Amino acid sequence: MSLVVYNTLTREKEPFVPVDPAHVRMYVCGPTVYDYVHIGNARPVVAFDTLYRLLKRHHPRVTYVRNITDIDDRIMVRAADNGETIEALTNRTAAAYSADMRRVGALDPDVAPRATTHVGEMIELIARLIARGHAYEAEGHVLFAVPSMADYGRLSRRSRDELVAGARVEVAPYKRDPADFVLWKPSTPAQPGWDSPWGRGRPGWHIECSAMSAKHLGETFDIHAGGLDLIFPHHENEIAQSRSAFGHAFMARYWMHNGFINVSGEKMSKSLGNFFTVHELLDQYPGEAIRLLLLSAHYRQPLDFTHDGLVQSKAILDRWYGVLRGRATAAAPGVPDGVERALLDDLNTPLAIAELHALATPQHAAELKAGGAALGLLQVDPEEWFRWAPKEAAASGPTDAEIEAAITARRAARAARNFAEADRIRDDLKARGIVLEDSAAGTSWKRG
RNA sequence: GGCCCGGUGGCAGAGUGGCCAUGCAGCGGAUUGCAAAUCCGUGUACGUCGGUUCGAUUCCGGCCCGGGCCUCCA
């Protein structure tokens, strides 16, 4: 069994062959940290976290880099609006991002580089592009000369001419070619900036990923991933920068892109305002339910976001944890074949989930847990899972001790065949969000 | 206008040239003091019109519908 991935560069599924078999390297574009991320931003994190886990099972060494963009005009605007420093804003938001991503079950990347600590590398890269005739200085800006690259546009399958013809924005007068893009731009004294050979300024959007991937992964590497909307211009321009600077035939061998989360058929986005932040969702649903929902559609397909979908995901996890409950199950060694086979086929997580359903029986509990691990699921103690409650209910609902006391009282009532009282206790708990389940072994409960 | 993706049963969502996806919901049953949970059973699904084929939801073409990108965007 070997991994096959869909490569945006060729628009085909291809066998995954690492550049260096001893060391697989992947880069995923992370967030611009000016606010809490929405669930759409969490999709690539969860999808490619699943890929990271898979790669680690099949290769001796994997390095996963997920960057933090902490210099950007939106950050500058937001910090000014909030009356806080850029550092305070980006530190706070980046910390919230890491915490939220952990709560949806994502492993930490091996390296989480920040743009602001790599400005030196960016300046070096830009200088290199100028020296090689791929970039030029104009009015304090440095621009990448798109016509200097013969096959610019290969990833997004657009020609320079098409881009120019379809352009929706005004072309800055200092550009030699309308398709040229900014590598470095000047800062006013009030704006954050760094000294450079071209004066005090700050980097353009795309250069950071070229600089940071080269530093932490090398001039070429295996997988570069992110959302569909990054294909153009972000990834196209990264390729242009890195290949032109280093002279290689490719930057990353495989380009993987996840589809969008939709709301009522439309892309979830900050500008449309139709988004839910992961942070607020985590008050209402367990992170694991959010993760399962994100994995329940194939990563390249659109996924319609609904609260009902989260409720369903939680119900599925309740069932699976119900199988594990009271069984002190250790995960079986390895990953069940069906699950692994599904994942190796371009991360077919919905099929892997179907395999998990087939394993959701008492006799397969150990495999269920092992299969869950491959998807980053089912790893907490079942009792802990069933004690989870939405933030509000957790604050106002009965404590574990109160529940246990009520169950004891009910057991006494049942023993006395006082079913009216037993049912009253059960209904009372139900009204407070606690569901009781009687079995031969006794009564268990869950927060529902 | 250019370049891309999609349209599968009530809903979610895989997949395949001929046979079961899977889950949720619904319905029937078992079990239960009653429930809950669990278990068993239960569905003429593949946008549309043509073509290729012994046979197409699956391959090819047209059309319709929806979505995305075209320098803020996961």
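Note on naming: letters A, B, ... go to the chains in the order of the sequence lines (proteins, then strands), and numbering restarts at 1 for each one. Keep in mind the model is a prediction, meaning the values are calculated, not measured.
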* Ring geometry between A:His134 and A:Phe144 (parallel below 30°, tilted from 30 to 60°, perpendicular above 60°) -> parallel

* Asked: With under 30° as parallel and over 60° as perpendicular, where do the rings of A:Phe305 and A:Phe276 fit, or are they tilted in between?
  -> tilted

Quote, to the nearest angstrom, the [atom1] distance that separates [N] from [M].
N: B:G13; M: B:U8; atom1: C1'; result: 9 Å
N: B:U57; M: B:G7; atom1: P; result: 15 Å
N: B:C20; M: B:A45; atom1: P; result: 10 Å
N: B:G6; M: B:A14; atom1: C1'; result: 15 Å
N: B:G61; M: B:C4; atom1: P; result: 13 Å
N: B:A56; M: B:G47; atom1: P; result: 15 Å
N: B:G62; M: B:U52; atom1: C1'; result: 15 Å
N: B:C60; M: B:C5; atom1: P; result: 12 Å

* A:Lys175 side-chain N/O to B:U71 phosphate OP1/OP2 under 4.0 Å ->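 Answer is no, no contact under 4.0 Å.
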
For atom [atom1] of [X] and atom [atom2] of [N], their distance in whole Å:
X: A:Ile223; N: B:A74; atom1: CD1; atom2: P; result: 21 Å
X: A:Lys314; N: B:G23; atom1: NZ; atom2: C1'; result: 16 Å
X: A:Arg447; N: B:A36; atom1: CZ; atom2: P; result: 22 Å
X: A:Leu183; N: B:U71; atom1: CG; atom2: C1'; result: 13 Å
X: A:Arg341; N: B:G15; atom1: CZ; atom2: P; result: 14 Å
X: A:Phe260; N: B:G68; atom1: CZ; atom2: P; result: 8 Å
X: A:Gln363; N: B:U38; atom1: CD; atom2: C1'; result: 13 Å
X: A:Asp308; N: B:C11; atom1: CG; atom2: P; result: 12 Å

If you only use heavy atoms from C-beta on, which nucleotide in [options] is closest to the side chain of [X]?
X: A:Lys446; options: B:A14, B:A37, B:C73; answer: B:A37
X: A:Arg11; options: B:C69, B:C4, B:C72; answer: B:C4
X: A:Arg158; options: B:C70, B:C72, B:G68; answer: B:C70
X: A:Arg319; options: B:C24, B:G33, B:G2; answer: B:C24
X: A:Asp438; options: B:A74, B:U71, B:A35; answer: B:A35
X: A:His357; options: B:A21, B:C69, B:U22; answer: B:U22
X: A:Ser269; options: B:G68, B:G33, B:C73; answer: B:C73
X: A:Glu437; options: B:C69, B:A14, B:A36; answer: B:A36
X: A:Trp205; options: B:C24, B:C72, B:U71; answer: B:C72
X: A:Asn237; options: B:A74, B:U71, B:G13; answer: B:U71

* Using modelled atom types only, decide if a donor and an acceptor are shared between the side chain of A:Arg102 and the backbone of A:Asp108 within a distance under 3.5 Å. =>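 Answer holds: no.
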
* Examine distances only and state if a side-chain atom of A:Asn7 and a backbone atom of A:Arg253 form a donor-acceptor pair shorter than 3.5 Å. => yes

Among side-chain atoms of [X] and [Y], is any donor-acceptor pair under 3.5 angstrom?
X: A:Arg114; Y: A:Thr116; result: no
X: A:His257; Y: A:His224; result: no
X: A:Trp385; Y: A:Glu288; result: no
X: A:Thr443; Y: A:Glu437; result: no

Could you check whether [X] gets within reach of a base, just the sugar-phosphate, or nothing at all, counting any heavy atom under 4.0 Å?
X: A:Ile261; answer: base
X: A:Ser439; answer: nothing
X: A:Leu303; answer: sugar-phosphate
X: A:Gly265; answer: sugar-phosphate
X: A:Ile231; answer: nothing
X: A:Phe232; answer: sugar-phosphate
X: A:Gly226; answer: sugar-phosphate
X: A:His38; answer: base
X: A:Ala358; answer: nothing
X: A:Arg410; answer: base
X: A:Pro362; answer: nothing

* Check the pair A:Trp184 / A:His141 against ring-ring contact (aromatic ring centres under 6.0 Å, His included), numbers first and verdict last. => CA-CA 5 Å; A:Trp184 188 263; A:His141 295 72; over 10 Å; no

* Would A:Arg92 and A:Asp35 pass as an ion pair if we require N to O under 4.0 Å? ->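 Salt bridge: no.
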
* **A:Gln312 vs A:Tyr34, nearer the 5' end of RNA chain B by closest nucleotide** =>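 In this pair, the answer is A:Gln312.
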
* Asked: Does A:Phe181 or A:Glu355 map to a spot on RNA chain B nearer the 5' end, using the closest nucleotide for each?
  ->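 Its nearest nucleotide lies further toward 5', so the answer is A:Glu355.
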
Heavy-atom donor-acceptor pair, [X] side-chain to [N] base, under 3.5 Å:
X: A:Arg426; N: B:C34; value: yes
X: A:Lys270; N: B:C72; value: no
X: A:Arg417; N: B:G33; value: no
X: A:Asn348; N: B:G15; value: no

* Using the salt bridge (charged side-chain N to carboxylate O under 4.0 Å, His left out) rule, collect all pairs that involve residues 41-50 of chain A, keeping only residues at least two apart or in two chains. => A:Asp49-A:Arg53, A:Asp49-A:Arg291

* **Residue pairs involving residues 307-318 of chain A (criterion salt bridge (charged side-chain N to carboxylate O under 4.0 Å, His left out); sequence neighbours excluded)** =>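 Residue pairs passing salt bridge (charged side-chain N to carboxylate O under 4.0 Å, His left out), neighbours aside: A:Lys314-A:Asp318.
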
* Structure fact -> A correct dot-bracket answer for RNA chain B, with pairs being Watson-Crick or G-U at under 3.5 Å, [ ] for crossing pairs and | for inter-strand pairs, is (((((((..(((.....[...))).(((((.......)))))....(((((..]....))))))))))))....

